[in-house]
Amino acid sequence: MKKYLKKIFLSLVVLGFVSPFLLIGYFLTAYDYDISKLVDYKPEVTSRIYDKDGKKIANIFNKKHRYYASFDEIPPHIIEALVAIEDTTFFEHPGINIDAIFRAAIKVIRAGKAVEGASTITQQLVKNVLLTREKKLSRKIKEAIYAIKIEHALSKEQILERYLNEIYYGHGYYGIKTAADGYFHKRLEDLTLKEMAILVGLPKAPSTYAPTKNYDISMGRANRVVKRMYVLGWIEKSTYENALEENPEVFNTTLTQNRAPFIVDEVGRRFRDMNISDLKTGGYEIYTTIDLRLQVAARESVKYAYEESLKRIDAYKEKELKKLATYNAIENPTEDELFELQDVNITQLNGALVSLDSASGNILALVGSRDYKISSYNRATQGRRQPGSAFKPFIYQVAIDLGFSGATELVDIAKTYAYEKDGEEMKWRPKNYEKNYKGLVTLREALVHSRNLATINLVNDIGLSNLLRELKKFNIRHIPNDLSISLGTMSMSPLKLAEVYTSFSNGGVQVKSHLIDHIDKANQTIYEKQEITHITSIPSQSYIMTTILRDVVNRGTARRARVRGIELAAKTGTTNSNVDGWLAGYSPTITTVAWFGNDDNTPMYKRETGGKIAGPAFRTFYQKILKLYPQVKRKFDVAEGVTKVHVGKRMEYFSDISRPPRVEQISDPQEELLW
C-alpha cells in the first residue's frame, strides 16, 4: 500500500511539474500570436489647428484624443518615474518578471483572491492593445507569451514609446503628451517632476487618480511615485522635498478646446478640397492665418450689430403702434396687425464678417453667423448673396483706369430701358435710393452717395461690352451681360467680396485669400500656401478710388463705419427690398466685409440698409483692432504720381491718366433738376 501511495505521490509531483509546461505548450500551439499591431504601431492621432501666432485653436480627432510623442521627446524623468512605480526591473527582464509572478501567486494562495498584480510594463501594453482586461488564467498566460514575443521584436525604448502613447490617462486623454497638454497646458519638456509623477501615476486607476476629479488623491499618488524614485536613489533629496511641496495647477478643459468653430469647420472643408481624408486621425499640425484675438473681436462685432438691429426694430414697432393707435383709433393693436404692417421676420436675421490682411490675403478673422451654437452654417464662405451697390467701386475703378476722374461729370437722370424676356417686351425703370435726381453730378459724388442712375449712365458712357471686358481682371464670376450689372446683381460670398476688394486696398494688386499657412505631419511640412496675385490697376489709379471710398465713410452712405483715429475706405450695399445689407471696406492694412440679411431671402425691415445694419459691425471691429493693436497703420499712403487739387469746396485727386477737366464746370451736388 505504501509503495502504491508513493507512486501516486511521485506521479502527482511529476504532473504538477509538467502541467505548466503542457499548459504553456498548449497555448503556444493553439493560438496565432500576431504582434504586428504593436510592431507596426500606427495609432489614430489627433490633429491640431493653430492661429498665426501658434496659439491652439482646436483639437480634431475621431474617437480617441491622442498626441504622439517619439521616444526622443519624452524627458528622462518620465521614464524613471514610470519604471520606478510600475516595473523596477523593466530593463532586465525578458517581458515577464518571474519573481513578481511567484510573489503574487503566494499572496493569492494566502488571501484566496487576487491581491497583487505582477504585470510588467510590456504586459500592460499587451493587455491594452492586443488583449482584453478580463481576469482569467488563460488571458494571463497569453499576455505573458505576447510580452516575451514583443520583447524579442522591439527594443526597450520602442516598448516604452508605445506604452506612453497608448495608455489611457483619464479625462479622455490617450498618451502622456495628450495628458500633459490637457491637464497642465504644457509640452512634455516643460513639465515639473511633480506633474510628471501625477501623469505616471494615473494609468493604474485613471478615474480615481484624475487630478480634475480627486486632486488630493492624485497628489498622494504622485508623492508615492516621487518617494519611490528617491528610495531608488534616482533623484536627490532636495528635488524630492521640492516635489512633495508642489501643488501644480490643473486645467479642466474640453477635449476639443475649440476656440473658433467656424475656422475648424472651414479647415475641414479645405482638407476635403485637398483630397485629404484623415484629418481627424492623421496627426496634422495645421497653422492657419487666423488671429485669435481678431476672431473674438469679429464675433463680438457681429453680435453687437445684430442686437442693435433688434433694438431698432423694437423701436420701429413701438413707433408704428403709436401710429396705428392715432390713425385707426386702436388702443391695443395686435401683433398680427403690426407684423402685416412691417412685414419683417427677425427670426431669420443673421450676419457674417470676414477680414483679410490686404497685402498677403491672409484671413485674419472669419465669422459665419451671429451665434455658432444656433447656426453653424458659414455665411461668410458658403453664402452667396447679391452685393448690390458694394459692387459699384469695380465699375468706377474701370472708369478711373480709362481716364475718368473724381471731377468727371455724370448724368443723374431717370431713363426707361426696354428689353425682351420670353418673347415679351419688358421695361426697366431704375431709381435712386433717395428717389430723386441730381441732373449732373461728379463721379466722386455719385459713388459717395451711391447714385444708381448716375452709375447706370456711367456704364453707358463706358460701353457695356468694354466694361465687361475690363471687369474680367477682377476675377468676379457670373457678371450679368446687361445694365443690371450697375446694381450688383451677381452673387458672391463675403469672403469672395473681401478678396476682390484687395484690388483697392492693396494698391491695384488683387491677392488670393488664404486660411491655411502651412501643414506639418511627422515633423515634415506637407503643404505651404502659395502667394497668388495679379495686377488690376496701377497704384495712382487705385489710390484715387481709395480717396473716393474714404469720402464714402467720412460723409457718404458709410458714415456709420467711421472710427476715430484711423482712415477707412468703404462702400455700402443694399439690395432690392432690403434683402441684403453690406459694408465692404478697408484700412491701410486690413480689408473687411460685413453682411447681414434674412436666411430665407425675405426682406429685412425697410429701414435696415447696408450702412445702418452692417456699418456698426464694421466700425466696432476696427475699434477693437485699435485697442488690440494700437501700432496698426492708420493713414493711407499717397501713391506716386497723384496730384491734389482744390475743386470747388472739395479736394480732388488727379494723375497722368485721370486728368483735370479742361474747363471747370463742377455742378453743385446739392442742386436738383426738376423733370
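For clarity, every value in this text was computed on a predicted model and none was experimentally measured.
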Indicate every side-chain donor-acceptor pair of residues 75-86 with a distance under 3.5 Å to a residue at least two apart or in another chain.
from : atom 1 : to   : atom 2 : distance (Å)
H77  : ND1    : E80  : OE1    : 2.9
E86  : OE1    : Q124 : NE2    : 3.1

Among R66, K177, K127, find the one that has a salt bridge (Lys or Arg N to Asp or Glu O under 4.0 Å) with E166. R66
Under 3.5 Å side-chain donor-acceptor pair for [X] and [Y]:
{"X": "S360", "Y": "D357", "result": "yes"}
{"X": "S70", "Y": "E161", "result": "no"}
{"X": "N247", "Y": "K194", "result": "no"}
{"X": "Y67", "Y": "N59", "result": "yes"}
{"X": "Q382", "Y": "S493", "result": "no"}

Less than 6.0 Å separating the ring centroids of Y183 and Y173? yes
Acceptor/donor pairs from residues 206-218 side chains to any protein atom, 3.5 angstrom cut, sequence neighbours excluded:
from : atom 1 : to   : atom 2 : distance (Å)
N214 : ND2    : T208 : O      : 2.9
Y215 : OH     : P248 : O      : 2.7
S218 : OG     : Y209 : O      : 3.0

Among all residues two or more places apart in sequence or in another chain, which pass the side chain to side chain contact (heavy atoms under 4.5 Å, CB included) test with S369?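 By the side chain to side chain contact (heavy atoms under 4.5 Å, CB included) rule, S369 matches F262, N350, S375, R379.
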With sequence neighbours left out, the residues meeting salt bridge (charged side-chain N to carboxylate O under 4.0 Å, His left out) with K186 are E195
Looking at residues at least two apart in the chain, or sitting in another chain, which of them share a salt bridge (charged side-chain N to carboxylate O under 4.0 Å, His left out) with K311? E308
Judged by atom type as modelled, is there a donor-acceptor pair below 3.5 Å linking the side chain of E151 to the main-chain atoms of I148? no
Using a strict threshold of under 4.0 Å (side-chain N to carboxylate O), is an ion pair present between D278 and K521?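 Salt bridge flag = yes for D278 with K521.
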Specify whether Y287 and Y50 have parallel, tilted or perpendicular ring planes, treating 30° as the upper limit for parallel and 60° as the lower limit for perpendicular.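 Parallel, since the angle between the ring planes stays under 30°.
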Think R370 forms a cation-pi with Y304, using NZ or CZ under 6.0 Å from the six-ring centre and within 45 degrees of its axis? no
D51: what forms a side chain to side chain donor-acceptor pair (under 3.5 Å) with it, not counting sequence neighbours?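 None.
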